[in-house]
There are 2 protein chains.
Amino acid sequence: MTRQSVEHPHHERADAARNRRLILEAADRLYAERGAAHVTMDDIARAAGVGRGTLYRRYPDRASIALALLDAHERDLQETLLRGEPPLGPGASPAERLAAFYAAMVALLDRHVHLALGAEVGRSRFEAGAYGFWRAHVRALVAEAGHADPDAMVEPLLAPLAPDVFARQREIGIGADRIAAALERLARAALG
Amino acid sequence: MTRQSVEHPHHERADAARNRRLILEAADRLYAERGAAHVTMDDIARAAGVGRGTLYRRYPDRASIALALLDAHERDLQETLLRGEPPLGPGASPAERLAAFYAAMVALLDRHVHLALGAEVGRSRFEAGAYGFWRAHVRALVAEAGHADPDAMVEPLLAPLAPDVFARQREIGIGADRIAAALERLARAALG
DNA sequence: TCCATAAGTGGACATTGTGTCCGGATACTT
DNA sequence: AAGTATCCGGACACAATGTCCACTTATGGA
């Protein structure tokens, strides 16, 4: 779905590849340093040592840069959900799988909040990145658990994983472990 | 908490009061017509027939205008939660009160999504508007239900009410009634 | 090795939205 | 009616976005 922003074109020129790396490294560092909201495209271009035109050629906005950085991490988890061991992968009960999914996502967010927040700038998270995948996964679990209206239950169950919610909780002193524990309880209550 | 943006100063000049009304009416209309994201301060000033300076004098940004408009509606619900009849008001079980709260919030969102989205521009919803009130209410319910870590459970339970989540659900064809039904089930599962 | 050319680069530019400022206008008081 | 505190509104400076195009460079064939 966002592969083109990660996979290398078949014959990418050497200078282009170098600049791509410079851009991604600079963006990652800036997002981590200042927070997504305080990084402009100009900042990234300057930090990477490339011109604005070069930056815009690849990435139309900040969100797509953050998405490119997130993508690799997210793909690992997606792979595990599809073919990994239970309880993340197939084989466990829906409630346990949702609990494990929550825990894994919290761990992911804990490492990459700055990127997740950066990916939210502009376009809403719903139509970008891996949201479609998470949605399909959770929908399947909800349906398997026998809920009456799975489609109406998916977004409410995904909402607690919104990056800004996670960031807020950490801001007021609730660590990733407590968040994960609370969500695991919620998962078992909702699908158990 | 946001009273100063709604209450009239003791001796507001007649022209100032008129302009306040013009501004709020114009903003409400524009938000509804085009959606919050596509309304600028300039648009509001022009539609209201006042200058930019006049607009900025009262409202530092779009969010505070939307908040002023939302405020009245939210206050009604707050009053009911504190002193109204069960199940919204005191007297019912935590699970039933949370279910009723969800339903009431969905109804509120259904009428005023455009405002709720407008209030989110810039400042995150957490530190503005009535969020503190909703948080305190839900936290009390969670605690009363005997949960281990109420503080970690509050944000996850409030997250499904985020305006962008609601807007998204409606966008993909899930009506307010289905959302309310799903959330009521969630409430009973989480606190029951 | 050298050249043709497709791809890539970078900074100038136009555009849009934000927020501030202050001379002038206007309502309220006495 | 006059004085004054408040308010008005547009001009201005600034910040960030996204586009454009003249120039540069890598690459592959002769």
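We name chains A, B, ... by the order of the sequence lines, and we start the count at 1 in each one. Computed over heavy atoms, backbone and side chain alike; hydrogens, waters and symmetry mates excluded. These numbers come from a predicted model, not from an experiment.
Judged as a salt bridge (Lys or Arg N to Asp or Glu O under 4.0 Å), and not counting sequence neighbours, the contacts of B:Glu171 are B:Arg168.
Per the geometry, OH belonging to A:Tyr59 stands 15 Å off P belonging to C:dG10, to the nearest Å. Taking atom CZ on B:Arg58 and atom P on C:dG19, their separation rounds to 18 Å, with Å as the unit. Separating the CD1 atom of B:Ile44 from the C1' atom of C:dG17 is a distance of 12 Å, rounded to the nearest angstrom. A:Leu22 has its CG atom 10 Å from the P atom of C:dT9, to the nearest Å. To the nearest angstrom, P of D:dT19 lies 15 Å from CG of A:Asp42. At whole-Å resolution of the value, CZ in B:Arg21 and P in D:dC8 are 13 Å apart. Summarising the geometry, the separation between CE on B:Met41 and P on C:dT16 is reported as 19 Å, rounded to the nearest angstrom.
Taking only side-chain nitrogens and oxygens, A:Arg18 never comes nearer than 4.0 Å to OP1 or OP2 of D:dA26. When the side-chain nitrogen and oxygen atoms of B:Asn19 are compared with OP1 and OP2 of D:dC8, one or more of them lie within a distance under 4.0 Å. Between B:Arg20 and D:dC7 there is no side-chain polar atom (N or O) within less than 4.0 angstrom of OP1 or OP2.
If you check D:dA16, C:dA27, C:dT9 against the side chain of A:Thr40, the one that comes closest is D:dA16.
Counting only heavy atoms from C-beta outward, the side chains of A:Tyr102 and A:Leu161 approach each other to under 4.5 Å. Looking at heavy atoms from C-beta onward, B:His73 lies out of side-chain contact with B:Leu77 at the 4.5 angstrom threshold.
Among B:Ile44, B:Val113, B:Leu117, the one residue that satisfies the side chain to side chain contact (heavy atoms under 4.5 Å, CB included) test with B:Tyr31 is B:Ile44.
A distance of 7.0 Å separates OG1 in A:Thr54 from CD1 in A:Ile23, rounded to the nearest 0.5 Å.
Under the 4.0 Å criterion applied to side-chain N and carboxylate O atoms, A:Arg97 and A:Glu144 are not assigned as salt-bridge partners. A salt bridge links A:Glu25 to A:Arg21: one of the charged nitrogens lies within less than 4.0 Å of a carboxylate oxygen.
Of the residues in residues 46-57 of chain A, those placing a heavy atom less than 4.0 Å from an atom of DNA chain D are A:Arg52, A:Gly53, A:Tyr56, in numerical order.
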